[in-house]
S.K.: 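Below is one structure. I have some questions about it.
Computation of the quantities below employed the complete heavy-atom set of this structure, encompassing side-chain atoms and omitting hydrogens, waters and symmetry-equivalent molecules.
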Amino acid sequence: MSASVPHDELTSIRPLLAAEAAAESVPGAVEAADLEQSVWLRLLELPEPPADPAAWLRRAVRSEARLAGRHARHETPLAPGLLGVRAAAAAPTAEQQVLAAEQRRALLAAVGRLPGRCPELVSALISRSDLTYREISRELGISQGSLGPLRSRCLSCLRTILGNRGCISRTTG
């Protein structure tokens, strides 16, 4: 389709498309830029150019806006916690606190048994400070590009240590 429509014709309908999309955008459901993209795709999918591009464009924008509105009404918001947003949860029971502390102690003991620079790296990765790779590389004096491969090796060793102690379950596949 785009090969059969002259470039100047496409350029001439661009402002109309932007205006129509802005007028039909629905706050919280669809943005004007998304409407524009959808209409451009519709135009490119046509087997031949529309006879009246302006009228076709207006109908297409309204149709896409209605479609997006219907989709938005049927969408379900994400549950808290799925994107790192924590919902107010009930306080952990005493048993849960004891189990969590025991798991943390086992993890820290296994980290201490890792070879080479692994204990420093894994400790930095699991610290409550939530350090970035740049901060960890600066703190440990390791190039940032070496952190990924080193982390992978260290975590593999850690899995082995924890697996031998029965701290993690092994899956067979």
Side-chain angles (χ1 to χ4, degrees), residues 17-18 21-42 44-45 60-173:
L17 175 56
E24 293 290 331
S25 65
V26 179
V30 65
E31 295 181 17
D34 293 334
L35 281 176
E36 285 185 57
Q37 272 189 340
S38 298
V39 172
W40 280 121
L41 284 174
R42 267 193 181 197
L44 292 172
E45 290 170 345
V61 169
R62 283 190 208 103
S63 175
E64 287 295 327
R66 281 194 306 272
L67 181 65
R70 278 196 302 272
H71 286 293
R73 282 192 297 276
H74 296 295
E75 290 175 353
T76 305
L78 286 175
L82 289 181
L83 293 178
V85 179
R86 293 186 180 169
T93 64
E95 181 181 6
Q96 290 170 330
Q97 289 177 343
V98 168
L99 288 174
E102 186 178 316
Q103 287 175 339
R104 182 134 180 105
R105 276 192 297 278
L107 175 65
L108 293 176
V111 167
R113 293 181 30 215
L114 289 170
R117 304 206 65 186
C118 288
E120 297 171 292
L121 176 59
V122 174
S123 294
L125 289 170
I126 64 174
S127 79
R128 296 182 195 270
S129 319
D130 197 25
L131 302 171
T132 64
Y133 264 29
R134 177 177 286 153
E135 293 167 333
I136 293 171
S137 70
R138 193 175 22 230
E139 184 177 306
L140 300 180
I142 301 172
S143 75
Q144 197 170 337
S146 299
L147 284 179
L150 179 59
R151 176 191 62 97
S152 181
R153 288 190 301 272
C154 293
L155 292 178
S156 178
C157 287
L158 185 60
R159 275 188 214 96
T160 301
I161 292 170
L162 291 172
N164 289 338
R165 291 195 52 201
C167 297
I168 59 173
S169 61
R170 294 183 195 180
T171 58
T172 58

S.K.: Do side-chain atoms of R117 reach the backbone of L150 as a donor and acceptor pair under 3.5 angstrom?
M.R.: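 No, because the side chain of R117 does not come within donor-acceptor range (under 3.5 Å) of the backbone of L150.
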S.K.: Rounded to the nearest 0.5 Å, what separation is found between the OG atom of S127 and the CD atom of E135?
M.R.: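 One finds 9.0 Å between OG of S127 and CD of E135.
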S.K.: Distance-only, no hydrogens or angles: does the S63 side chain make a donor-acceptor pair with backbone N or O of A60 under 3.5 Å?
M.R.: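 No, S63 side chain to A60 backbone: no donor-acceptor pair under 3.5 Å.
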S.K.: Can you list the residues that meet the side-chain hydrogen bond (donor to acceptor under 3.5 Å, both in side chains) rule with E64, with sequence neighbours excluded?
M.R.: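 Checked E64 against side-chain hydrogen bond (donor to acceptor under 3.5 Å, both in side chains); matches are R42.
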S.K.: Are side-chain heavy atoms of L41 and Q37 found at a separation under 4.5 Å?
M.R.: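 L41 vs Q37: side chains apart.
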S.K.: Might you work through the disulfide (SG to SG under 2.5 Å) test for C118 and C157, ending with a clear yes or no?
M.R.: CA-CA 9 Å; C118 288; C157 287; 5.6 Å; no
S.K.: When rounded to the nearest 0.5 angstrom, what is the spacing between CZ in R159 and SG in C154?
M.R.: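 Rounded to the nearest 0.5 Å, the CZ-SG separation comes to 11.0 Å.
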S.K.: Just verifying a value: how many Å separate L114 CG and I161 CD1, rounded to the nearest 0.5 Å?
M.R.: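 Taking CG in L114 and CD1 in I161, the distance rounds to 4.5 Å.
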S.K.: For S152, which residues count as a side-chain contact (heavy atoms from CB on, under 4.5 Å) partner, sequence neighbours excluded?
M.R.: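 Not a single residue meets the side-chain contact (heavy atoms from CB on, under 4.5 Å) criterion with S152.
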S.K.: Does atom CD of E95 have more than 12 heavy-atom neighbours, drawn from other residues, nucleotides or ligands, at distances under 6.0 Å?
M.R.: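 Counting other residues, nucleotides and ligands, CD of E95 stays at 12 neighbours or fewer.
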S.K.: If I take atom OG from residue S146 and atom CG from residue L140, how far apart are they, to the nearest 0.5 angstrom?
M.R.: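 Reported value, rounded in 0.5 Å steps: 11.5 Å.
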S.K.: Which heavy atom of L17 sits nearest to which heavy atom of W40, and what is that distance?
M.R.: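 Taking every non-hydrogen atom into account, CD2-NE1, 3.2 Å.
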S.K.: What pair of heavy atoms forms the shortest contact from I142 to S137, and how long is it?
M.R.: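 Minimum heavy-atom separation between I142 and S137: O-CB, 2.8 Å.
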S.K.: Could you measure the distance from the CG atom of L162 to the CD atom of Q103? Nearest 0.5 Å is fine.
M.R.: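 Separation between the atoms: 10.5 Å.
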S.K.: Could you check if a side-chain atom of L158 sits within less than 4.5 angstrom of a side-chain atom of L107, using non-hydrogen atoms only?
M.R.: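 They are in side-chain contact.
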S.K.: Identify the heavy atoms of E24 and A65 that sit nearest to each other, and give their distance.
M.R.: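 It is O-CB, 3.7 Å.
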S.K.: Return the CD to OG1 distance between Q144 and T132, rounded to the nearest 0.5 Å.
M.R.: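 Between Q144 CD and T132 OG1, I get 7.0 Å after rounding to 0.5 Å.
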S.K.: Main chain of E120, side chain of S123: is a donor-acceptor contact present, judged purely on distance under 3.5 Å?
M.R.: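 No, the answer is negative, given that no donor and acceptor are paired below the 3.5 Å cut-off.
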